[in-house]
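Right, one structure below, let's go through it.
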Amino acid sequence: MGDSQPSGILPGHWIQDLAKRGQIRTPEPFVDGQVQPASLDLRLGPVAYRVRASFLPGPGTTVAERIEALKLHEIDLTTGALLEPGRSGGVYIVPLMEALALPDDVAAATNPKSSTGRLDVFTRVITDRAREFDTIPAGYAGQLYLEISPRTFPIIVRAGSRLSQVRFRRGNARLDDTALRAVHAETPLVDDDLRLADGVMLSIDLGREGVVGYRAKRHTGLIDVDRRDAYDVIDFWDPLTTHGREELVLDPDQFYILVSNEAVHVPPDYAAEMVPYDPLVGEFRVHYAGFFDPGFGHSPAGGAGSRAVLEVRSHEVPFILEHGQSVGRLVYERMLERPQVLYGQDIGSHYQAQGLKLSKHFRAT
């Protein structure tokens, strides 16, 4: 990765190379499916700490020092443990298995995995001496820690559970609106009119027949984050219909799963990310889990018609969403090199060709 290399997102086989050179350090080899086309899943270590409050360590302090000052108790994750939401639970910090010794020209960013966001589990990665969450500076050497805060469902996690993911980048390869328009002319990024505002604008689909979304129930049973197709939808979610009104009132502090009106396409030479909250489009947060890998929605990879599933939470006041209303922006970046395997190609991609879809933990209805 010398100076002659262009800017861009590192593909999966470059991530493997980082590990071979000791720039990603882990006590155990990567497991199947951990390396994605443009990201790496991060695994929980064997212990969690419940702390009094969320924190950033700041430039002169390590995360371990802050944990020591703020921890309430330690939780053994080797055989699995319950993390509770709300006032009875709180904020948990888990040292991750993966540590970094990045080259001086490689930085990274992190996000919850799609399945994590769709359970309303809020996660953020923290590094030593960090001033902000989910941002890892070029050349960082040290441990990674995950802040976990379940918002709705009690969850079971264990050492090795993968709730978050990291994306590595060299330089700035973000496409401006002019570049996005050129890419869209060659290979469409959405199946509708392209609307640009420092990224591709996405709108909400509330005009479909039948169920338009789901609202999470309160006081449910627990969810084991490592189990697939294990739970009945009706035990955890209320299906929502609009009865032809094409609008939905978001109740404060409720969690919703909705879907974009547009089908989204991420061509093989690009990666994308949903902007998690845009104050210009309303008093709500959209999409905890922001990474879209190369090949998402790509027809040759089996992804034609893939929608963006949106994790939505209103804030202080009830808010009316209307069909076709803008809800967020999708920003695109160039890959340093095309991934050897695309999203949806023989890697068990759960959300390729998705419409309105809950997380992989729930049985299909």
Side-chain angles (χ1 to χ4, degrees), residues 12 15 24 26-37 39-50 74-86 89-99 110-125 144-167 214 216-217 220-237 255 257 288-291 293 309 311 343-344 346-352 354 357-365:
I15 294 173
I24 301 173
T26 177
E28 300 177 9
F30 294 151
V31 297
D32 289 346
Q34 187 177 353
V35 179
Q36 296 292 315
S39 61
L40 172 70
D41 293 350
L42 298 171
R43 295 173 291 181
L44 301 185
V47 63
Y49 301 92
R50 184 178 170 193
E74 298 183 15
I75 303 168
D76 183 4
L77 299 184
T78 54
T79 58
L82 172 67
L83 304 186
E84 297 183 79
V91 179
Y92 304 86
I93 306 294
V94 182
L96 295 169
M97 287 190 186
E98 287 72 30
T110 58
N111 243 315
K113 287 174 57 65
S114 293
S115 295
T116 306
R118 294 185 203 195
L119 291 179
D120 198 21
V121 177
F122 187 60
T123 70
R124 301 188 287 196
V125 168
L144 301 176
Y145 299 81
L146 189 66
E147 175 190 310
I148 306 172
S149 181
R151 299 294 180 87
T152 298
F153 305 123
I155 60 172
I156 296 289
V157 302
R158 57 187 55 79
S161 295
R162 291 140 59 184
L163 302 183
S164 188
Q165 56 193 343
V166 60
R167 180 171 280 180
Y214 295 91
K217 292 183 175 183
T220 68
L222 58 83
I223 295 174
D224 187 325
V225 300
D226 295 321
R227 295 184 66 192
R228 289 191 177 212
D229 304 315
Y231 304 100
D232 290 327
V233 171
I234 198 64
D235 292 333
F236 295 85
W237 301 94
F255 180 69
I257 297 291
Y288 288 134
F291 291 159
D293 270 344
V309 169
E311 301 105 27
Y343 188 86
D346 302 322
I347 58 172
S349 304
H350 190 75
Y351 303 115
Q352 186 70 297
Q354 69 181 358
K357 192 169 187 178
L358 296 171
S359 71
K360 62 187 179 184
H361 309 92
F362 300 99
R363 300 183 185 100
T365 56

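Given the structure is predicted, the values throughout are model-derived calculations rather than measurements.
- With hydrogens and angles disregarded, a donor-acceptor distance shorter than 3.5 Å links the side chain of Arg363 to the backbone of Ala230.
- When all heavy atoms are compared, the tightest approach of Ser359 to Ser115 is CB-O, 4.0 Å.
- Residue-environment remark: CG (Asp32) stays at or below the threshold of 12 foreign heavy atoms within 6.0 Å.
- Note that the OG1 atom of Thr116 and the CD1 atom of Ile155 stand 8.0 Å from one another [nearest 0.5 Å].
- Under a 3.5 Å cut-off, the side chain of Asp76 and the backbone N or O of Thr78 do form a donor-acceptor pair.
- Contact check for Lys357 versus Arg118: side-chain heavy atoms found under the 4.5 Å cut-off.
- The structure places CG of Leu146 at 7.5 Å from CD1 of Ile93, a figure rounded to the nearest 0.5 Å.
- Nearest heavy-atom pair, Ser161 versus Val225, reported as atom, atom and distance to 0.1 Å: OG-CG2, 3.8 Å.
- In this structure, the side chains of Arg158 and Asp224 come closer than 4.5 Å at one or more pairs of heavy atoms.
- Taking OH of Tyr92 as the start and OG1 of Thr123 as the end, the distance is 15.0 Å to the nearest 0.5 Å.
- Heavy-atom minimum distance, Gly90 versus Pro150: O-CD, 4.2 Å.
- Residues Leu119 and Phe362 form a side-chain contact, since some pair of their non-hydrogen atoms from C-beta on lies under 4.5 Å apart.
- With hydrogens and angles ignored, the 3.5 Å screen pairs a side-chain donor or acceptor of Gln34 with a backbone N or O of Asp41.
- From Arg124, atom CZ reaches atom OG1 of Thr110 across 10.5 Å, with rounding to the nearest 0.5 Å.
- Within the 4.5 Å cutoff, the side chain of Val157 has heavy atoms near those of the Leu44 side chain.
- Leu144 CG to Ile24 CD1: the interatomic distance, rounded to the nearest 0.5 Å, is 9.5 Å.
- Looking only at side-chain heavy atoms (C-beta outward), Ser39 and Asp293 come within less than 4.5 Å of each other.
- Considering all non-hydrogen atoms of both residues, Pro112 and Gly117 come closest at CB-N, 4.4 Å.
- For Tyr145, the ring-ring contact (aromatic ring centres under 6.0 Å, His included) criterion is met by no residue, not counting sequence neighbours.
- At least one donor-acceptor pair under 3.5 Å links the side chain of Glu98 to the backbone N or O of Arg43.
- In this structure, Arg167 is positioned above the aromatic face of Phe291, its NZ or CZ under 6.0 Å from the six-membered ring centre and within 45° of the axis.
- Between Phe153 and Phe236, the two ring planes are perpendicular [angle over 60°; tilted spans 30° to 60°].
- To the nearest 0.5 Å, atom NZ of residue Lys113 and atom CD of residue Gln165 are 5.5 Å apart.
- Of the charged side-chain nitrogens involved, none lies within less than 4.0 Å of a carboxylate oxygen, so that Lys217 and Asp235 do not count as a salt-bridged pair.
- Residues Lys360 and Asp229 fail the side-chain proximity criterion, which asks for heavy atoms closer than 4.5 Å.
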Stepwise side-chain contact (heavy atoms from CB on, under 4.5 Å) test for Asp120 and Glu311: CA-CA 8 Å; Asp120 198 21; Glu311 301 105 27; over 6 Å; no
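- In terms of heavy atoms, Phe30 sits closest to Val35 at CD1-CG2, 3.6 Å.
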